[in-house]
Chemist: 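Submitted below is the structure of interest, expressed as structure tokens.
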Amino acid sequence: MKEIEFYDTRSRKQRPFTTLKPGHVGMYTCGPTVYAPQHVGNIRSRLLPDLIKRFLQSEGYEVTHVINITDVGHLVADADVGDDKMEVAARKAGLSAEEIAEKYTQMWRDDCAAVNCISPEENPKATDHIPEQIELGKRLEERGYLYTIADGVYFDTSLFPRYAELAGLDLEGQQEGARIGVTEGKKNPSDFAVWKFADPDMKRLQEWDSPWGRGFPGWHLECSAMSVRYLGERFDIHTAGIDLATVHHSNEVAQTECGFEVHPSVEFWMHNEFLDMGGEKMSKSKGNVKTLSNLSERGFDPLAFRYFFLQAHYRQQQAYTYEAIEAAARGLRRLQKIGRALELVEGDGNPGAQAPLKERFRDALADDLNAPRAMAVVWEVARSDDLADVDRRDLLRCFDLILGLRLGEDAAAESEPAWEQDPEIDGLLAERERAREVKDWATADRIRDELTALEVEIIDTPEGARWRRIAGHSG
Ligand code: AMP
Ligand code: ZN
């Protein structure tokens with residue numbers, strides 16, 4: 001059996017996985033900023049730690065997973081200037097910051113459940129941990145890392161020699177290229193706010209007292225404070241999308257390692273690459289986003305996105321297209337159909353026959369979570385004529401503990417719904433499809449009304465429109 005190896009951003013290499021405490025893994029994931037719905041790019045960053053957790057659990061580790069909820073202090077430009085995303089969203093919607101946070105936290109949790117992510121052990125909110133953040137700020141101040149300027153208290157990155165290490169930053173280049181006047185008074189371009197002062201002329205929805213004056217914590221402080229609170233000063237794995245490595249995580253390392261005098265605070269930094277759309281990173285600021293609800297509206301099972309995620313290595317960029325999701329949905333349905341049919345097979349399998357396939361599947365994941373290679377083994381088993389059905393059943397069950405694709409569930413209800421057929425209704429439906437293709441909405445609507453009068457409901461699926469009789473009305 002292959003040793004487990006993961007790629008670590010800080011050491012820039014794939015190396016053997018070890019834990020600080022035998023048999024236990026502490027893992028922290030930068031969670032959502034809850035001011036808007038999460039897009040499927042964010043969900044990709046949620047699926048990586050889920051895959052890590054499921055894999056390590058199958059290897060016998062106990063995993064404590066912490067995902068924070070950012071409900072304050074994340075400024076629009078991800079920098080130290082601009083407005084707070086939560087404040088902007090709350091004002092726009094005419095709601096309190098708490099109401100906005102509550103709404104989008106719940107939406108994010110529903111999305112995570114829809115793609116079958118295992119709930120984290122801890123899901124702390126930044127606003128519930130203001131004292132811990134102030135405490136860490138005080139530690140940094142006592143150790144001489146902070147200085148105060150007009151708009152807040154800043155960390156002097158020139159005092160932390162390892163600052164550039166995690167992301168391989170070119171600090172001298174930053175100095176040369178620094179735009180004058182972005183934040184007046186900052187000593188170095190990479191210095192960042194630990195505490196921002198509330199503007200006395202503008203009442204904020206969220207502000208607190210602190211030893212430095214009334215205001216709110218810098219966005220980076222929460223992740224240092226909450227990871228230490230729930231996992232200790234040093235822990236095993238930290239995940240997020242690669243965009244957070246340069247600024248957010250470099251700052252997190254600076255705060256934790258200087259505040260608690262430890263190194264390294266994180267053993268493995270595991271960053272996933274972006275989900276792209278139209279050749280660009282999917283992001284709210286670019287407006288090129290799709291959500292899981294958008295997929296559901298088009299008739300896709302949200303798990304199709306999980307299947308899609310497993311088709312690429314997490315450190316490769318992945319392009320989101322309608323066609324790719326459609327293909328993933330087809331793959332998922334086929335696999336579920338096979339899994340469900342196999343669940344009806346009775347009897348005991350032969351562990352000897354299963355072992356080599358289990359090992360190949362496991363070794364693919366042990367090799368820095370090579371999910372596409374693992375999926376190839378899954379399909380080999382699903383399609384195999386050589387293996388006995390009981391062994392295929394057992395293998396798919398075992399694989400699905402890690403894949404989370406609900407392969408064998410609901411075996412009684414077959415995956416493909418049994419769509420009804422009726423020449424008259426089928427004809428009307430085909431006519432409506434043709435009208436829609438040529439954008440003749442008037443005709444399409446008229447036909448839909450005719451169908452409604454016949455007490456028929458139209459369901460748009462990835463394969464086209466299907467229909468069923470409205471409950472209680474048959475024949
Ligand atoms: P945010 O709510 O923007 O702070 O992002 C939450 C998480 O989603 C972070 O781990 C980001 O790195 C990640 N993320 C944002 N955009 C993308 C994308 N297009 N592809 C993959 N991950 C992303
Ligand atoms: Zn974070």
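Start at 1 and go down the list; that is how both ligands and their atoms are numbered.
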Chemist: Centres of the Y7 and H313 rings: under 6.0 Å?
Modeler: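 No, the ring centres sit 6.0 Å or more apart.
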Chemist: Can you name the atoms of ligand 1, numbered from 1 with element, that are less than 4.0 Å from a heavy atom of N272?
Modeler: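 Contacts of ligand 1 toward N272, numbered from 1: 21 (C), 22 (N).
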Chemist: Considering only the protein, which heavy-atom contact is closest to atom 9 (C) of ligand 1, and what is its distance?
Modeler: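 Protein heavy atom with the smallest distance to atom 9 (C) of ligand 1: L244 CD1, 3.8 Å.
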Chemist: Does the pair R315/D368 count as a salt bridge with the N-to-O cut at 4.0 Å?
Modeler: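 Yes, R315 and D368 are salt-bridged.
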Chemist: State, yes or no, whether a side-chain contact exists between R362 and K2 at a heavy-atom distance under 4.5 Å.
Modeler: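 The answer is yes, as the side chains (C-beta and beyond) meet within the 4.5 Å cut-off.
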Chemist: Under 2.8 Å from the Zn ion (ligand 2), which protein atoms of type N, O or S occur, listed by chain and number?
Modeler: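 Near the Zn ion (ligand 2), the protein supplies C30 SG, C223 SG, H248 NE2.
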Chemist: When you measure from the heavy atoms of H39 to every atom of ligand 1, does any distance fall below 4.0 Å?
Modeler: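 Yes.
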Chemist: Regarding ligand 1, does P32 bring an N or O atom to under 3.5 Å of one of the ligand's N or O atoms?
Modeler: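 It does not: no N or O of P32 is found under 3.5 Å from an N or O of ligand 1.
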Chemist: Mark up the atoms of ligand 1 that fall under 4.0 Å of a heavy atom belonging to S45, in ascending order.
Modeler: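 Numbered from 1, ligand 1 contributes 8 (O), 10 (O), 13 (C), 14 (N), 21 (C), 22 (N), 23 (C).
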Chemist: Going by heavy atoms, is D276 under 4.0 Å from ligand 1?
Modeler: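 Outside the 4.0 Å threshold, so no.
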Chemist: Any N/O of G41 closer than 3.5 Å to an N/O of ligand 1?
Modeler: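 Yes.
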Chemist: Quick one: list whatever passes salt bridge (Lys or Arg N to Asp or Glu O under 4.0 Å) with D201, sequence neighbours left out.
Modeler: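 For D201 there are no salt bridge (Lys or Arg N to Asp or Glu O under 4.0 Å) partners, ignoring immediate neighbours.
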Chemist: Is it the case that more than 12 heavy atoms not belonging to K21 sit under 6.0 Å from its NZ atom?
Modeler: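 For K21, atom NZ is not crowded (no more than 12 foreign heavy atoms under 6.0 Å).
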Chemist: Picking from N251, N188, V253, what satisfies side chain to side chain contact (heavy atoms under 4.5 Å, CB included) with Y163?
Modeler: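 The single option meeting the side chain to side chain contact (heavy atoms under 4.5 Å, CB included) with Y163 is N251.
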Chemist: Compute both the distance and the angle, then confirm whether R44 meets the cation-pi test with F274: under 6.0 Å from the six-membered ring centre, within 45 degrees of the axis.
Modeler: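 Verdict for F274: no cation-pi partner in R44.
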Chemist: Give the atoms of ligand 1, by number and element, whose distance to some non-hydrogen atom of A240 is under 4.0 Å.
Modeler: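 Contacts of ligand 1 toward A240, numbered from 1: 10 (O).
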Chemist: Should R204 and D84 count as an ion pair when the cut-off is N to O under 4.0 Å?
Modeler: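 Judged by the 4.0 Å cut-off on N to carboxylate O distance, R204 and D84 do form a salt bridge.
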Chemist: So, is G241 polar-close to ligand 1, with some N/O to N/O distance under 3.5 Å?
Modeler: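 N/O-N/O distance below 3.5 Å exists for this pair.
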Chemist: Could you tell me whether a side-chain N or O of R12 sits under 3.5 Å from a main-chain N or O of L166, the two making a donor and an acceptor?
Modeler: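 Answer holds: yes.
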Chemist: With heavy-atom distances below 4.0 Å as the criterion, list the atoms of ligand 1 near H74.
Modeler: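 Answer for ligand 1: 4 (O).
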Chemist: Counting only heavy atoms, tell me which of V34, T33, D243, N42 gets closest to atom 6 (C) of ligand 1.
Modeler: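 Closest candidate by heavy-atom distance is N42.
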Chemist: For ligand 1 and M282, I'd like to know whether there is a polar contact (N/O to N/O, distance under 3.5 Å).
Modeler: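 Indeed, backbone or side chain, M282 has an N or O that close.
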Chemist: Within the supplied structure, the quantity of interest is the number of heavy atoms (other residues, nucleotides, ligands) at a distance under 6.0 Å from K281 NZ; does it exceed 12?
Modeler: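 Atom NZ in K281 is crowded, with more than 12 foreign heavy atoms closer than 6.0 Å.
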Chemist: To the nearest 0.1 Å, how far is atom 20 (N) of ligand 1 from its closest protein heavy atom, and which atom is that?
Modeler: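 Ranked first by proximity to atom 20 (N) of ligand 1 is L275 N, 2.8 Å.
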Chemist: Would you say that E184 contacts I149 through its side chain, given a criterion of any heavy-atom pair below 4.5 Å between the two side chains?
Modeler: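 They are not in side-chain contact.
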Chemist: Is it true that Y61 and F17 have ring centroids separated by less than 6.0 Å?
Modeler: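 Yes - the distance between ring centres of Y61 and F17 falls below the 6.0 Å cut-off.
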Chemist: If you count the atoms of ligand 1 from 1 in the order shown, which ones are under 4.0 Å from a heavy atom of K281?
Modeler: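 Those qualifying, in numeric order: 16 (N), 17 (C), 19 (N).
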Chemist: Measuring centre to centre across the rings, with the benzene-like ring taken for any Trp, is H271 within less than 6.0 Å of H249?
Modeler: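 Between H249 and H271, which both carry aromatic rings, the centre distance is below 6.0 Å.
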